[in-house]
Enquirer: 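My questions all concern the structure below.
Not measured: the values here are computed from a predicted model. Values below: all heavy atoms of this structure, side chains included; hydrogens, waters and symmetry mates excluded.
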Amino acid sequence: GFITLLKTNTTLESLSLETNKITGKHLKNIVIALEFNDTLKELRIANQYFTTGVGDEMAISKALANNTSIVKFSLNWKNGGARNTADRLIMRNNDVARKKRQGLS
C-alpha cells in the first residue's frame with residue numbers, strides 16, 4: 001500500500017496530505033516509513049480531522065530522528081516536547097542539506 005510506496009520512493013520530493021481524515025496511528029506509520037526514504041524533502045500532514053495523541057506525536061518526533069532528508073514538515077502539534085524535538089531534527093536536516101549544496105560533506 002501507501003506505506004510501501006513511501007519506503008521505496010526514489011522520485012517524489014514533496015508530499016502534502018493536509019486537511020484529511022488520517023488518524024494519529026496512520027500519521028505515525030507514514031513518518032516511520034520515511035526511515036527508508038532519502039528522497040522526500042517535504043511532508044505536510046497538518047490540519048487532520050482526527051487529532052493526534054501525545055503518544056503518536058512522541059513516536060512521530062522519534063521517527064524523524066531516523067530521516068535526514070526531510071527539510072520541511074508540518075503538523076498541528078499538541079505536545080511541546082515532541083514539537084521541539086521535531087523542530088531540532090528538521091534544523092539538523094536543513095544543515096545537512098546546506099552542507100551538501102556547498103560541497104562540505
Side-chain angles (χ1 to χ4, degrees):
F2 187 70
I3 300 298
T4 304
L5 171 85
L6 284 177
K7 288 179 180 180
T8 59
N9 165 58
T10 58
T11 55
L12 186 67
E13 292 186 4
S14 179
L15 178 62
S16 177
L17 298 172
E18 291 184 321
T19 315
N20 280 292
K21 293 185 177 183
I22 305 172
T23 64
K25 174 187 169 187
H26 290 101
L27 292 175
K28 176 180 70 174
N29 290 336
I30 288 168
V31 177
I32 289 171
L34 297 179
E35 177 180 349
F36 306 99
N37 181 311
D38 60 357
T39 311
L40 196 68
K41 296 181 182 351
E42 180 177 359
L43 178 61
R44 301 193 177 280
I45 54 176
N47 301 321
Q48 298 301 320
Y49 178 78
F50 300 106
T51 59
T52 53
V54 173
D56 292 328
E57 289 186 5
M58 292 302 291
I60 288 170
S61 67
K62 287 180 183 175
L64 286 171
N66 298 321
N67 179 286
T68 58
S69 67
I70 297 289
V71 293
K72 291 183 180 178
F73 183 82
S74 68
L75 175 67
N76 294 15
W77 298 95
K78 311 251 181 313
N79 182 300
R83 180 182 61 229
N84 185 35
T85 299
D87 287 345
R88 284 186 285 117
L89 292 167
I90 297 302
M91 281 193 296
R92 174 204 66 186
N93 292 355
N94 276 292
D95 287 343
V96 168
R98 180 183 46 79
K99 288 176 183 177
K100 282 182 183 176
R101 283 192 308 271
Q102 294 175 345
L104 299 174
S105 67

Enquirer: Identify, with sequence neighbours excluded, every residue that meets side-chain contact (heavy atoms from CB on, under 4.5 Å) alongside Ala65.
Expert: Leu89

Enquirer: Give the minimum heavy-atom separation between Asn9 and Leu40, together with the two atoms involved.
Expert: ND2-N, 4.3 Å

Enquirer: Taking only residues two or more places apart in sequence, or in another chain, which ones meet Asn67 in a side-chain hydrogen bond (donor to acceptor under 3.5 Å, both in side chains)?
Expert: Ser69

Enquirer: For a side-chain contact (heavy atoms from CB on, under 4.5 Å) check, start with the C-alpha distance between Leu12 and Leu5, then their side-chain angles and the critical distance, and finish with the verdict.
Expert: CA-CA 10 Å; Leu12 186 67; Leu5 171 85; 5.6 Å; no

Enquirer: Whether the side chain of Asn94 engages the backbone of Val71 through a donor-acceptor N/O pair (distance < 3.5 Å, no angle test) should be reported.
Expert: yes

Enquirer: State which residues pass salt bridge (charged side-chain N to carboxylate O under 4.0 Å, His left out) with Glu35; sequence neighbours excluded, sorted by chain then number.
Expert: none

Enquirer: Would you give me the side-chain donor-acceptor pairs under 3.5 Å for residues 81-88, sequence neighbours excluded?
Expert:
{"unit_1": "Thr85", "atom_1": "OG1", "unit_2": "Gly81", "atom_2": "O", "d": "3.0"}
{"unit_1": "Thr85", "atom_1": "OG1", "unit_2": "Arg88", "atom_2": "NH2", "d": "3.4"}

Enquirer: For Thr39, what residues pass the side-chain hydrogen bond (donor to acceptor under 3.5 Å, both in side chains) criterion, not counting sequence neighbours?
Expert: none

Enquirer: Group every Ile, Leu, Val, Met, Phe, Trp and Tyr by side-chain heavy-atom contacts under 4.5 Å, then state whether Ile22 and Ile70 land in the same group.
Expert: yes

Enquirer: Donor-acceptor pair, Asn20 side chain versus Glu18 backbone, under 3.5 Å?
Expert: yes

Enquirer: Ignoring hydrogens and geometry, is there a side-chain-to-backbone donor-acceptor pair from Gln48 to Asn76 under 3.5 Å?
Expert: no

Enquirer: Name all residues meeting the salt bridge (charged side-chain N to carboxylate O under 4.0 Å, His left out) criterion together with Arg98; count only those two or more places apart in sequence or in a different chain, and write none if there are none.
Expert: Asp95

Enquirer: Which distance, rounded to the nearest 0.5 Å, do you find between the CG of Leu75 and the CG of Leu43?
Expert: 9.0 Å

Enquirer: Just grab all the salt bridge (Lys or Arg N to Asp or Glu O under 4.0 Å) pairs involving residues 38-51, residues at least two apart or on different chains.
Expert: Glu42-Arg44

Enquirer: Please list, one pair per line, the donor and acceptor atoms closer than 3.5 Å that link side chains of residues 26-34 to other protein atoms, with sequence neighbours excluded.
Expert:
{"unit_1": "His26", "atom_1": "ND1", "unit_2": "Thr23", "atom_2": "OG1", "d": "2.7"}
{"unit_1": "Asn29", "atom_1": "ND2", "unit_2": "Lys25", "atom_2": "O", "d": "3.4"}

Enquirer: Got a second to check how far Ile3's CD1 is from Phe36's CZ, nearest 0.5 Å?
Expert: 11.0 Å

Enquirer: Name each donor-acceptor pair under 3.5 Å that joins a side chain in residues 49-57 to protein atoms two or more places apart or in another chain, with its distance.
Expert:
{"unit_1": "Thr52", "atom_1": "OG1", "unit_2": "Glu57", "atom_2": "OE2", "d": "2.7"}
{"unit_1": "Glu57", "atom_1": "OE1", "unit_2": "Lys78", "atom_2": "N", "d": "3.1"}
{"unit_1": "Glu57", "atom_1": "OE1", "unit_2": "Asn79", "atom_2": "N", "d": "2.8"}
{"unit_1": "Glu57", "atom_1": "OE2", "unit_2": "Lys78", "atom_2": "N", "d": "2.9"}

Enquirer: Does Phe73 reach the side chain of Ile45, with side-chain heavy atoms less than 4.5 Å apart?
Expert: yes

